[in-house]
Structure formats: C-alpha cells, structure tokens
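As structure tokens, the structure follows; a few thoughts come after it.
Only heavy atoms go into these numbers, but all of them, side chains included; no hydrogens, no water, no symmetry mates.
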Amino acid sequence: MIEVEHVSRKFGTFRAVDDISFSIKTGEIVGLLGPNGAGKTTTMRMITGFLEASEGSIKIDGLDVVENSVECKKKIGYMPESAPLYGDMIVADYLEYVAKMQGVDPSKKLPYLAKVCGLEEQMHKSISDLSRGNRQRVGLAHALMGDPEILILDEPTSGLDPIQVSEVRDLIREIGKTRTVIISTHILSEVEMLCSRVIIISRGKIAADSDINILREQHQGSMTVNLSVKADSEAAVKEMLSSVDGVTSVKTENQDGFINVSLNVTKEVRPQVSQLIVSKNYQLYELSVKKNSLEDIFKELTLNGEGAAK
C-alpha cells in the first residue's frame, strides 16, 4: 500500500505540490492526471524516493520512503517518460547489467522480459538504433526487472504503434492483478480503459480522487441524445421533441431526407422520444446518448487551475 499524507514539495518559495493526501491499495491501477506543470511528475518522484518531500510523509507498506529508502525502492519499478538508457549498449547487455545491479539472475529473467515486453527481435540491437517505441519497451523491462510490488509508469505508451499500445495495455492489466500500478498519461482514453480510479492534480493540489464511474456521475450535468429520423417536416420534428420533459434544447439538420437531431437533456428521455416518433409514424434510424467523457471532466476540473510546476 502507498500512503501519502499531507505532502508538499517546495522549490525555493514556489510550492510545486501543496498538501496532498491519498492512499493506494495493492492491486489498484490508478491514473494520475493533471495538466502540464500540475505537479504529477514531482509527486511520482517523491513516491519513488528520487525527491524528498518538503513536508508530510510517504510510506510504502508502512515504511517511510526517506528513513527506509533502500527497502522502499526495492518494492518499486519506475519508468520515467524518457527512460534514461545507455544508448551505446546492446539491449541484452543493458538488461543483463540492470539484472546484476538488482541481484537478479539474468539467465532466467531476460527471456521472460524479452517476451512480455516484445523485445525478442531487439535484444541484439544497440539501444541508440531503436525506435522511440522500442526504447519505451526497454524502459518497461528495466522497471519490471526486480519483480516490483509497485509499478509507476510515466507515459508508458508514448511513441508506440497501435499494436504495441494494445500489447502494453494488456501487460499492464495483467500486472495490475497482483501489483499496484500508477499510470501518468495525457491519453485519457487509455486511463478509461485501464484504470478503475483517477487522481487529478491541478496547481499542486488534488482536484479529484475517485472511482471513474462515480466521478462521471458526480460531473454528469447534461447529456446529449443524438437521433436520426425519416420524416417530412423538420419543423414538426423539432417542435415535437422540444415538448419532451427534460429536453433543454433541440438542434436539427435535414440531410439527404434524414433529419438528424441533437437533444441537450437533463435526464433520461430516450423512451419518451422513441414512443413519440413511433406515434407519428416516423422512422427512427438512430438513437444514441453521449455522456461526459473523462476528457470533459478533466477540462472542467483543471481548465481554470493549470499550475506551473512539473
């Protein structure tokens, strides 16, 4: 378990992170989000022990990361956004070096990591000759070398092609079954696919810490219902749907004989809308709802609160 209690980090007189608290249980995959400069990278560096908190405490399984730095670091695998690799080394040699530094038997660990990280065809190549995506894979293999209980990933799929992205996501899901995973990324759809919980930081403070579904419900506000109707009169369709309780606005567009409608609503109206259309003998070809995405919520929480700390 990770416990962050009233943690702040100052650079001179500037507070990059300002009195944040949260805890993360084993087996959680948590998205750590925030605008550029919000303080999320500083937070990750304090959890990993690369930076010391100016105030507050951080504990890993009850151990303080400052007082028990070696023990805590053994529990953590960290992949920064730009993994600090030795470009003049061969991939296999580099991972063997990392294994020996961490007291791991490379003959057993390297074949496994090469397979799960998709590096089997890259092991003989120089790191400097790899694409950015494959360098990310080497960084991920490095982070997994010590079989850590906690994995902290900063932009883990940056530079990967769609197939590689899918493979890395599958790997993260598998790792998250038995380990704690923290992911920092600007790809919000990735967070929705991988994480059950998000922590959003803005201007060094926590703007939200919640299950994604609960967060979406809390910030739902209005919804948009889209439908496509076959009817003779655009005006009649607009007038009819404007009368439905819960509909706050109606936009229509006549396109190739179809009337495309966008309804702004404050509650569920699809049953009433479909019944009205059928009662008028109109033909309904499409009916869908667009709810607030994580991106919408992120903008709402951070648009007026972008900080200046990274």
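Side chain of Ser21 to backbone of Glu5: no donor-acceptor contact under 3.5 angstrom is found. In this structure, Ser126 contributes its side chain and Gly87 its backbone to a donor-acceptor pair below 3.5 Å. In terms of modelled atom types and a separation under 3.5 Å, the side chain of Arg9 and the main chain of Glu52 share a donor-acceptor contact. Judged by distance alone, the side chain of Ser69 and the main-chain N or O of Val65 form no donor-acceptor pair under 3.5 Å. A distance-only check finds no donor-acceptor pair linking the side chain of Thr26 to the backbone of Thr180 [under 3.5 Å]. Judged purely by atom type and a 3.5 angstrom limit, Lys40 has no side-chain atom pairing as donor or acceptor with the backbone of Gly204. Panel note: side chain Ser210, backbone Ile212; no donor-acceptor pair is recorded below 3.5 Å. Judged by distance alone, the side chain of Ser274 and the main-chain N or O of Pro271 form a donor-acceptor pair under 3.5 Å. Checked by atom type and distance alone, the side chain of Glu286 never pairs as donor or acceptor with a backbone atom of Val229 at under 3.5 Å. Thr302 places no side-chain N or O within 3.5 Å of a backbone atom of Pro35 that could act as its donor or acceptor partner.
In the hydrophobic clustering of this structure, Ile187 does not group with Met79; members are Ile, Leu, Val, Met, Phe, Trp, Tyr whose side-chain heavy atoms approach within less than 4.5 Å, directly or through other members. Met123 and Ile90 fall into different hydrophobic clusters, where Ile, Leu, Val, Met, Phe, Trp and Tyr residues are linked whenever their side-chain heavy atoms come under 4.5 Å apart, directly or through other members. In this structure, Val273 is not a member of the same hydrophobic cluster as Val278, with clusters built from ILVMFWY side-chain heavy atoms closer than 4.5 Å. Cluster annotation: Tyr86 and Met145 are assigned to the same hydrophobic cluster (Ile/Leu/Val/Met/Phe/Trp/Tyr, side-chain heavy-atom contacts under 4.5 Å, transitive). A continuous path of hydrophobic side-chain contacts links Met101 to Leu85 [ILVMFWY only; heavy atoms under 4.5 Å].
Atom OH of Tyr97 sits in a sparse spot, with 12 or fewer heavy atoms from other residues, nucleotides or ligands closer than 6.0 Å. Atom CD of Glu268 sits in a crowded spot, with more than 12 heavy atoms from other residues, nucleotides or ligands closer than 6.0 Å. More than 12 heavy atoms of other shown residues, nucleotides or ligands fall within 6.0 angstrom of atom NZ in Lys230.
The salt bridge (Lys or Arg N to Asp or Glu O under 4.0 Å) analysis of residues 136-145, with sequence neighbours excluded, yields the pairs Arg137-Glu167. Note on residues 110-134: no pairs pass salt bridge (Lys or Arg N to Asp or Glu O under 4.0 Å), not counting sequence neighbours. Judged as a ring-ring contact (aromatic ring centres under 6.0 Å, His included), the pairs with a partner in residues 126-158 (not counting sequence neighbours) are, in order, Tyr94-His142. Annotation: ring-ring contact (aromatic ring centres under 6.0 Å, His included) contacts involving residues 147-182, sequence neighbours excluded, are absent. Sorted by first and then second residue, the salt bridge (Lys or Arg N to Asp or Glu O under 4.0 Å) pairs involving residues 25-35 (not counting sequence neighbours) are Glu28-Arg197. Pairs passing the salt bridge (Lys or Arg N to Asp or Glu O under 4.0 Å) check and including a residue from residues 57-80, sequence neighbours excluded, read Asp61-Lys75, Lys75-Glu149. Applying the side-chain hydrogen bond (donor to acceptor under 3.5 Å, both in side chains) test to every pair with at least one member in residues 98-108, sequence neighbours left out, gives these pairs: Glu96-Lys100, Asp105-Ser107.
Checked against ring pair (Phe, Tyr, Trp, His ring centres under 6.0 Å), Phe50 has the following partners two or more places apart in sequence or in another chain: Tyr78. Thr252 is linked by a side-chain hydrogen bond (donor to acceptor under 3.5 Å, both in side chains) to Glu234, counting only residues two or more places apart in sequence or in another chain. Evaluation of the side-chain hydrogen bond (donor to acceptor under 3.5 Å, both in side chains) rule for Asp211 yields no partner, not counting sequence neighbours. Scored by the ring pair (Phe, Tyr, Trp, His ring centres under 6.0 Å) test, Phe22 finds no partners at all (sequence neighbours excluded). Annotation: ring pair (Phe, Tyr, Trp, His ring centres under 6.0 Å) contacts of Tyr285 (sequence neighbours excluded): Phe258.
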- Task: Just do the side chain to side chain contact (heavy atoms under 4.5 Å, CB included) check on His186 and Asn36 with the steps written out, would you?
- Result: CA-CA 9 Å; His186 288 97; Asn36 286 334; 2.9 Å; yes

- Task: Given side chain to side chain contact (heavy atoms under 4.5 Å, CB included), test Val225 with Leu287 step by step and report yes or no.
- Result: CA-CA 7 Å; Val225 174; Leu287 181 61; 3.6 Å; yes

- Does the side-chain hydrogen bond (donor to acceptor under 3.5 Å, both in side chains) test come out yes or no for Ser8 and Asp19, once each step is laid out? CA-CA 5 Å; Ser8 297; Asp19 192 25; 5.1 Å; no

- Apply side chain to side chain contact (heavy atoms under 4.5 Å, CB included) to the pair Ile200 and Ile206, showing each step before the final yes or no. CA-CA 6 Å; Ile200 299 177; Ile206 292 181; over 6 Å; no

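In terms of heavy atoms, Pro148 sits closest to Gly77 at CB-N, 3.3 Å. Nearest heavy atoms, Leu110 versus Ala92: CD2-O, 3.6 Å. Ser262 and Asn226 make their closest contact through OG-OD1, 3.5 Å (heavy atoms, listed as atom of the first residue, atom of the second, distance). Heavy atoms only, all atoms of each residue included: Leu301 and Ala208 are closest at CD1-CB, 3.6 Å. The nearest pair of heavy atoms linking Ala141 to Leu119 is CB-CD1, 4.0 Å. Residues Ala99 and Pro106 approach most closely at CB-CB, 3.9 Å, considering heavy atoms.
Two residues are said to be in side-chain contact when any heavy atoms from C-beta on lie closer than 4.5 Å; Asp245 and Lys267 meet this criterion. Under the 4.5 Å side-chain criterion, counting only non-hydrogen atoms from C-beta, Glu3 is not in contact with Ile58. For the pair Ile20 and Thr43, the minimum side-chain heavy-atom distance is below 4.5 Å. Within the 4.5 Å cutoff, side-chain heavy atoms of Val91 are placed close to those of Ile127. Ile172 has its side chain within reach of Leu153: a pair of non-hydrogen atoms, C-beta onward, lies under 4.5 Å apart. Residues Val191 and Leu33 meet the side-chain proximity criterion, which asks for heavy atoms closer than 4.5 Å. Using a 4.5 Å heavy-atom cutoff, the side chains of Met240 and Leu276 are in contact. For the pair Cys117 and Leu140, the minimum side-chain heavy-atom distance is below 4.5 Å.
Here the straight-line distance linking atom OG of Ser233 with atom NZ of Lys238 works out to 11.5 Å at 0.5 Å rounding. Rounding to the nearest 0.5 angstrom, the gap separating the CG atom in Leu51 from the CE atom in Met44 is 11.0 Å. Atom CD1 of Ile182 sits about 9.5 Å away from atom CG of Leu151, to the nearest 0.5 Å. The OG atom of Ser184 sits 5.0 Å away from the CG atom of Leu32 when rounded to the nearest 0.5 Å.
Using a cutoff of 4.0 Å between basic side-chain nitrogens and carboxylate oxygens, Glu253 and Lys251 are not scored as salt-bridged.
Side chain to side chain, His6 and Glu55 fail the donor-acceptor criterion of an N or O pair below 3.5 Å.
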